[in-house]
Amino acid sequence: MADRDFHDTPSTGTDRGAGRGAEPGAEPAGELEREAERRRRRAQFLRDLAEARQLRDRVQPRRAKTARLRHAMRMRTFRW
């Protein structure tokens, strides 16, 4: 579904460690590696989730069609 695409954008994480007694501008290398690993795992999870949704849509076309129609109706009735 197109309305879930915004979850694929990674967070910047620029304010991590601020205000917790850390030296300004210094971040341990271990924390950077953990953050990178977390992002990799999250990206893999989101790819698997999208693949599972596509598989479900192929296996249950009637349910996918009703979901598309329901989403279209919501978008038509949504007021900006």
Side-chain angles (χ1 to χ4, degrees):
M1 295 185 149
D3 60 334
R4 294 184 182 139
D5 291 344
F6 68 91
H7 290 296
D8 294 336
T9 56
S11 62
T12 58
T14 55
D15 61 330
R16 291 190 180 271
R20 286 188 259 164
E23 292 182 21
E27 196 169 327
E31 187 173 333
L32 290 174
E33 291 172 7
R34 277 183 290 183
E35 184 68 20
E37 179 61 29
R38 185 190 70 81
R39 286 185 181 155
R40 277 192 293 273
R41 284 194 318 261
R42 182 177 184 272
Q44 180 63 44
F45 170 76
L46 291 174
R47 281 192 298 270
D48 291 344
L49 185 62
E51 183 181 347
R53 283 188 183 126
Q54 290 172 353
L55 176 64
R56 184 185 62 202
D57 290 348
R58 282 196 308 269
V59 172
Q60 299 175 339
R62 187 181 305 161
R63 184 173 291 177
K65 180 180 178 184
T66 58
R68 276 195 311 272
L69 292 173
R70 200 173 298 122
H71 177 70
M73 181 64 72
R74 275 197 313 269
M75 294 310 287
R76 277 196 300 268
T77 59
F78 184 77
R79 304 265 179 169
W80 294 97

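If you read the sequence from its start, that first residue is 1, and numbering goes on from there. What you see below is based on every heavy atom in this structure, not just the backbone, and it leaves out hydrogens, waters and symmetry mates.
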- request: Show your reasoning for whether salt bridge (Lys or Arg N to Asp or Glu O under 4.0 Å) applies to Arg39 and Glu35.
  value: CA-CA 6 Å; Arg39 286 185 181 155; Glu35 184 68 20; 3.7 Å; yes
- prompt: To the nearest 0.5 Å, how far apart are CZ in Arg53 and CD in Glu51?
  reply: 12.5 Å
query: Do we see a donor-acceptor contact under 3.5 Å between the side chains of Gln44 and Arg41?
result: no
task: Inspect the contact between Arg34 and Glu37 and indicate whether a charged nitrogen and a carboxylate oxygen are less than 4.0 angstrom apart.
output: no
- prompt: From His71 NE2 over to Arg76 CZ, what is the distance, rounded to the nearest 0.5 angstrom?
  reply: 10.5 Å
statement: Those residues at least two apart in sequence (or on a different chain) that pass side-chain contact (heavy atoms from CB on, under 4.5 Å) with Leu55 are Arg58, Val59
